[in-house]
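Following: one structure in structure tokens, then a few remarks.
All values below come from the heavy atoms of this structure, side chains included, with hydrogens, waters and symmetry mates left out.
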Amino acid sequence: MSSTWYGNQSPVEGRNFGSLALIAPLLERMKIAEIINQHIPADDQAEFDHGALLSLLVAARMYSPVALTGVAAWAAESGADILWNIPPQKLNDDRLGRSLDAFFTQRHSILASVALHVAREFDVPLRDVHYDPTHILLRGAYDAAQPRDPVVADSVTRSDHTLAPAHIAPGRATADAPLGALMIHAGLCTHVDEFGPLPFFGHTTDGNQNGHTAVAEQLALLRKHLSLPELTMISDRGTFSVGHLLRLGDAGGHAICSAPWDEFRTRFDEHRASFVWKKASYLSLEQQRRRAAASDLPKEHYQLAVLRHELSDSESQRTISCRVVFVFSTADQKVVRKQRQKQIDKLREGLQQIQQSVAAGRRSTDSESVARRVAKLFGSKDAARYFHWELEPLSAAERARLPAPSRGCKRAKHRFVFRFDETAKQHDEQYDGYSVLVTTVPQQQASADALFTKFKQQCYSEQVNGEFKGPLAVHPVFLHTPARVEALVFLMMITLELYYLLQRLYRQSVPAKASAKERRTTTETILRAFNSYVLLIHQTRLGREVQPTQLTTRQREILSRLGFATPAQLLSRRLPHAPT
């Protein structure tokens, strides 16, 4: 006999509360609405304050990214309108847009205040800062977008309402950005430790700016709004310059920065014979697994050699002492050689096809056409410099000995000849697997090995940028004005901080004896556990009665570990109880 049967249709409504069970209590602990209202108090005539509207918008972006015009429908479907006590019809894009306009005028100050509160509330030391810029593509016509004045001018750092929004402009073409695509750049500052990354501050720059400008502006804003006393900034080679090292030194901070190899290859050649190479202690998670499991897969490693050096800045005529850390990677050496050989094979195959085409007297085999074909084949490939080619004229006797041309062809006048420069290839191979870091951190504070381990955590910054443009869907974006675009990007930085803070809190609560998989639980996994959680809504003559449903064992365990109130406790505090 079946224990499941069909019943009559129920008038009870459901709300997909889902991950709001996690988002709402964390927004409370982060004091997002409070901090926003401290910086941009609501107009006395306003029906809802900016903190409530913008914290709801953060929740919407975290829950399931929708356009501003879709926030009202999302609030009604999820029950956010109940939690925030804002009717869905009040959540139109004009009202949200006005709150974004107000947020824009205090965006740096709010972001910094949230970061400082999170650092105190959740015991996050803001000392070692990983910095990584990324581009954000935009759609639509932004006729009001203009190049803005520098962030720093006449020893004054502009921010908040004194700084115009980043110029939405065509930037450099990338894999996901075609030539001429409109963009701005967003740089994120991230803390990294054993619990993973935590982004906490950021800044935007014009779409046509480079990493040197981005990191200089970011440092100025960090100094103004956060005043970090023991700052060590870690960044990639797109941000490297002697000027960057000097600015950090002037602020009492230090740098760990990868640098372009060509700028240090001469020093490498001069001292290579005298270097003392030491194996680095850093190993990737995969390499650790291979060693722990006694795997037969290749066991790669890094080696480090240190050179004390002094760098000069031609613009300021100043110098700075540093350590240059040359890095050798066995894995990178294999990858570079494999990629080079793949390029060589492809170029050789293409040149052979051109050679056969010229020999057969086919069309487009005159000197100009052949030159165009070779240029297209070579493109920007590094391996192209190993090949040299020319068209050699055939003598009358040589032409006479050629077989009769095929249909559509003519008797060849030239011979296409190419040769491969093995010596040049071997010269380049001696640098395979090598890279360089520059650091101003004193030797007594940290060894090169410890600094290299810190630098390798830079991959987490790239992961953060991936979340920024992926699941949180800041890209692509279209809003009416550059100021609103920038405001939304800064609001997304707060959302991103919330996203990674949830993961961090969970990992901190996991027992040391737990499995590696449990210790590396991600926010995505945590949020997914609440996908099925719903609220029940009963329509009564006095209004709506909201009933939370029962939590699963896993949902209750997650909330307990995070120290969060249950949905029942949360709603009980925010809503009046039914009259008795």
Give the intermediate values and the outcome of side chain to side chain donor-acceptor pair (under 3.5 Å) for residues Tyr506 and Glu518. CA-CA 10 Å; Tyr506 185 87; Glu518 179 72 359; 2.5 Å; yes

Option from Leu54, Ile36, Ile32 for which side chain to side chain contact (heavy atoms under 4.5 Å, CB included) with Ile110 holds: Ile36

Passes side chain to side chain donor-acceptor pair (under 3.5 Å), Gln287 versus Arg291? Steps please. CA-CA 6 Å; Gln287 287 298 320; Arg291 284 160 173 78; 2.7 Å; yes

Hey, does the Lys NZ or Arg CZ of Arg504 hover above the aromatic six-ring of Phe122, less than 6.0 Å from the centre and inside 45° of the axis? no

Using a 3.5 Å distance criterion without hydrogens, assess whether the side chain of Arg127 forms a donor-acceptor pair with backbone atoms of Glu230. no

Give a yes or no answer on whether the side chain of Asp382 reaches the backbone of Arg385 with a donor-acceptor pair at less than 3.5 Å. no

Do Arg107 and Phe104 form a cation-pi contact, if we require the NZ or CZ to be under 6.0 Å from the six-membered ring centre and within 45 degrees of the ring's axis? yes

Given 3.5 Å as the limit, does a donor-acceptor pair link the side chain of Thr105 with the main chain of His161, or not? no

Taking atom types as modelled, find out whether Asp132 and His130 have a side-chain donor-acceptor pair closer than 3.5 angstrom. no

For a quick test of your reading: what N or O donor-acceptor pairs under 3.5 Å do the side chains of residues 252-262 make, sequence neighbours left out?
| unit_1 | atom_1 | unit_2 | atom_2 | d |
| --- | --- | --- | --- | --- |
| His254 | ND1 | Thr440 | O | 3.2 |
| Ser258 | OG | Arg237 | N | 2.7 |

Quick check: does any side chain N or O of Arg158 sit under 3.5 Å from a backbone N or O of Pro150, one acting as donor and the other as acceptor? yes

Within the distance-only criterion (no hydrogens, no angle test), does the side chain of Asn208 pair as donor or acceptor with the backbone N or O of Gly171 below 3.5 angstrom? no

Spatial distance of atom CD (Glu270) from atom CZ (Phe264) [nearest 0.5 Å]: 12.5 Å

Any donor and acceptor pair, going by atom type alone, linking the side chain of His309 with main-chain N or O of Arg323 inside 3.5 Å? no

